[in-house]
Amino acid sequence: EGLWDEEKSQFRIGSLPQPKAAVGGGEEIALKDYFSHNWRTKVHLQMKDAVAQSEKYFNEKALLGIELHDMLSKIRYADELNQFQEHELFEEAAKTTQTLADYFTKEWQVQTEVPILLPTGDFKRIDRINTKADRGALIDYKTGSPRNSDQRQMQGYMSVIQQIKERPVEGLLLYLENQEIVKVEI
């Protein structure tokens, strides 16, 4: 038995139940500022397994970069590198874990390929988030030459993650071709 409100042109029947509290180890996080956007203007097709796609669309260098990136997403700690000993990009992955040796230790809690929705409404994936009790580190692997947009992207990641984790966060861009590390400041 519902009620019609002529003034609001609204029909009301009952009320929604209160949401149930999450059970388990879930952690509730509130951001200070967050903007909403029309999702239809932000939907993009993302090719998850670009390595399997035709070389018509991806040159060989890009394919190798994508494959190395995928490999690194499966290595949280240095001792996990050995699972790729037979892989053609093993040496490249080994160089990366050596360059970032301080971030491939078990003193960090590590997450890879972390999805993030930026305040602009853009959906991105952070390659690697390392967390300790007193600080965090964001690492983004890059192919090609350094660009200013790389640093702006990392600054956006850092801003959001600092709010979520409530601790200082450092940002590192690692250019895979020459193993150059660029530290990013907010």
Side-chain angles (χ1 to χ4, degrees), residues 27 29-37 41-44 46-48 50-51 58-59 61-81 84 89 91-186:
E27 182 180 337
I29 299 167
L31 297 178
K32 292 176 188 153
D33 295 309
Y34 209 81
F35 303 97
S36 176
H37 296 278
T41 64
K42 300 293 181 184
V43 174
H44 300 280
Q46 183 179 25
M47 299 179 80
K48 200 67 177 142
V51 175
F58 298 96
N59 65 37
K61 192 172 185 180
L63 287 172
L64 291 175
I66 291 167
E67 195 168 346
L68 178 58
H69 187 277
D70 183 56
M71 245 176 95
L72 291 170
S73 75
K74 296 174 182 151
I75 303 169
R76 293 177 307 139
Y77 304 107
D79 62 355
E80 295 174 355
L81 175 65
F84 295 102
L89 295 175
E91 292 301 320
E92 294 299 317
K95 280 189 225 173
T96 298
T97 59
Q98 289 167 358
T99 300
L100 295 170
D102 292 344
Y103 300 93
F104 278 83
T105 65
K106 296 207 175 179
E107 59 191 56
W108 293 98
Q109 178 185 357
V110 177
Q111 297 171 281
T112 62
E113 296 297 314
V114 181
I116 182 173
L117 184 62
L118 297 173
T120 59
D122 290 333
F123 174 79
K124 301 286 183 180
R125 286 192 188 278
I126 301 175
D127 294 337
R128 185 178 181 93
I129 299 178
N130 286 23
T131 310
K132 288 184 181 181
D134 62 336
R135 67 188 175 115
L138 307 182
I139 300 171
D140 205 24
Y141 305 118
K142 296 293 183 184
T143 55
S145 301
R147 298 177 311 212
N148 290 335
S149 62
D150 297 340
Q151 290 194 31
R152 285 192 304 272
Q153 180 184 42
M154 177 58 80
Q155 288 168 336
Y157 294 168
M158 292 168 68
S159 177
V160 171
I161 297 300
Q162 272 186 186
Q163 285 184 51
I164 293 171
K165 299 287 187 181
E166 296 181 331
R167 65 193 74 172
V169 175
E170 64 180 312
L172 302 171
L173 299 170
L174 176 70
Y175 291 90
L176 295 170
E177 192 170 324
N178 61 5
Q179 296 293 299
E180 176 188 1
I181 297 174
V182 175
K183 292 189 177 188
V184 178
E185 304 289 329
I186 293 185

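Residue numbers start at 1 and run along the sequence shown.
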**Q** Going by heavy atoms in the side chains, are Val114 and Ile116 under 4.5 Å from each other?
**A**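 They are not in contact (no side-chain heavy atoms under 4.5 Å apart), so the answer is no.
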**Q** Drop me the distance from Ile164's CD1 to Ile161's CD1, to the nearest 0.5 angstrom.
**A**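 Result: 4.5 Å between the selected atoms.
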**Q** Does CD in Glu107 sit with more than 12 non-hydrogen atoms of other residues, nucleotides or ligands closer than 6.0 Å?
**A**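 Yes - once you tally the heavy atoms of other residues, nucleotides and ligands closer than 6.0 Å, there are more than 12.
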**Q** Tell me whether the count of non-hydrogen atoms from other residues, nucleotides or ligands lying under 6.0 Å of CG in Asn148 goes above 12.
**A**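 Open.
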**Q** Between atom NZ of Lys165 and atom NZ of Lys132, what is the distance when rounded to the nearest 0.5 Å?
**A**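 It comes to 14.5 Å.
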**Q** Show the nearest heavy-atom pair for residues Leu89 and Leu68, with the distance to one decimal.
**A**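 So the two residues come closest at CD1-N, 3.7 Å.
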**Q** How many angstroms lie between CG in Leu174 and OH in Tyr103, if you round to the nearest 0.5 Å?
**A**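 The distance works out to 11.0 Å.
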**Q** Could you tell me the separation between the CD1 atom of Ile139 and the OG1 atom of Thr112, rounded to the nearest 0.5 Å?
**A**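 Ile139 atom CD1 to Thr112 atom OG1 measures 11.0 Å (nearest 0.5 Å).
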**Q** Between CE of Met154 and NZ of Lys124, what distance do you get to the nearest 0.5 Å?
**A**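 Between atom CE of Met154 and atom NZ of Lys124 there are 12.5 Å.
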**Q** May I ask you to test the Tyr157-Val184 pair for a side-chain heavy-atom distance under 4.5 Å?
**A**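 SC-SC contact between Tyr157 and Val184 ruled out.
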**Q** Between Gln153 and Asp140, what is the shortest heavy-atom contact and its length?
**A**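 Residues Gln153 and Asp140, closest heavy atoms: OE1-OD2, 3.5 Å.
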**Q** Should Thr143 and Glu177 count as side-chain neighbours, where that means a heavy-atom distance under 4.5 Å?
**A**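 Counting from C-beta outward, Thr143 and Glu177 never come under 4.5 Å.
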**Q** Looking only at heavy atoms, what is the nearest atom pair of Arg167 and Asp134, with distance?
**A**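 Here Arg167 and Asp134 meet closest at CB-O, 4.0 Å.
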**Q** Of the non-hydrogen atoms in Lys74 and Glu80, which two are nearest, and what is the gap between them?
**A**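 Between these two residues, the closest heavy atoms are O-OE1, 3.7 Å.
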**Q** Measuring only between side-chain heavy atoms, which start at C-beta, is Arg135 closer than 4.5 Å to Trp108?
**A**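 Side chain of Arg135 against side chain of Trp108, heavy atoms only: contact under 4.5 Å found.
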**Q** Could you walk me through whether Val169 and Ile129 pass the side chain to side chain contact (heavy atoms under 4.5 Å, CB included) test, one step at a time?
**A** CA-CA 10 Å; Val169 175; Ile129 299 178; over 6 Å; no
**Q** If you take all heavy atoms of Gln163 and Glu166, which pair is closest and at what distance?
**A**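 Minimum heavy-atom separation between Gln163 and Glu166: O-CG, 3.4 Å.
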**Q** Check whether any side-chain heavy atom of Lys183 sits under 4.5 Å from a side-chain heavy atom of Leu172, and report yes or no.
**A**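 When only atoms from C-beta onward are counted, Leu172 and Lys183 do touch, with a gap below 4.5 Å.
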**Q** Any heavy-atom pair between the side chains of Leu72 and Arg128 that's under 4.5 Å?
**A**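 No. Closest side-chain heavy atoms not under 4.5 Å.
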**Q** Do we see a donor-acceptor contact under 3.5 Å between the side chains of Ser73 and Glu113?
**A**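 Per modelled atom types, Ser73 and Glu113 side chains form no pair under 3.5 Å.
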**Q** Any side-chain to backbone donor/acceptor pair from Thr97 onto Ala94? Under 3.5 Å, distance only.
**A**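 Present.
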**Q** Is it the case that the side chain of Asp127 and the backbone of Tyr141 share a donor-acceptor pair, with hydrogens and angles ignored and the cut-off at 3.5 Å?
**A**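 Checking the backbone N and O of Tyr141 against the side chain of Asp127, a donor-acceptor pair under 3.5 Å is found.
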**Q** How close do Pro146 and Glu180 get, heavy atom to heavy atom, and via which atoms?
**A**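 Scanning both residues, the minimum pair turns out to be CG-OE1, 3.9 Å.
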**Q** Using the side-chain contact (heavy atoms from CB on, under 4.5 Å) rule, pick out the option among Leu81, Ile75, Leu176 that qualifies with Thr96.
**A**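 Of Leu81, Ile75, Leu176, side-chain contact (heavy atoms from CB on, under 4.5 Å) with Thr96 is met by Leu176 alone.
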**Q** Do Gln162 and Ile186 make a side-chain contact, defined as non-hydrogen atoms from C-beta onward lying under 4.5 Å apart?
**A**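 Gln162 vs Ile186: side chains touch.
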**Q** With no hydrogens and no angle check, is any side-chain donor or acceptor of Ser159 less than 3.5 Å from a backbone partner on Gln155?
**A**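 Answer holds: no.
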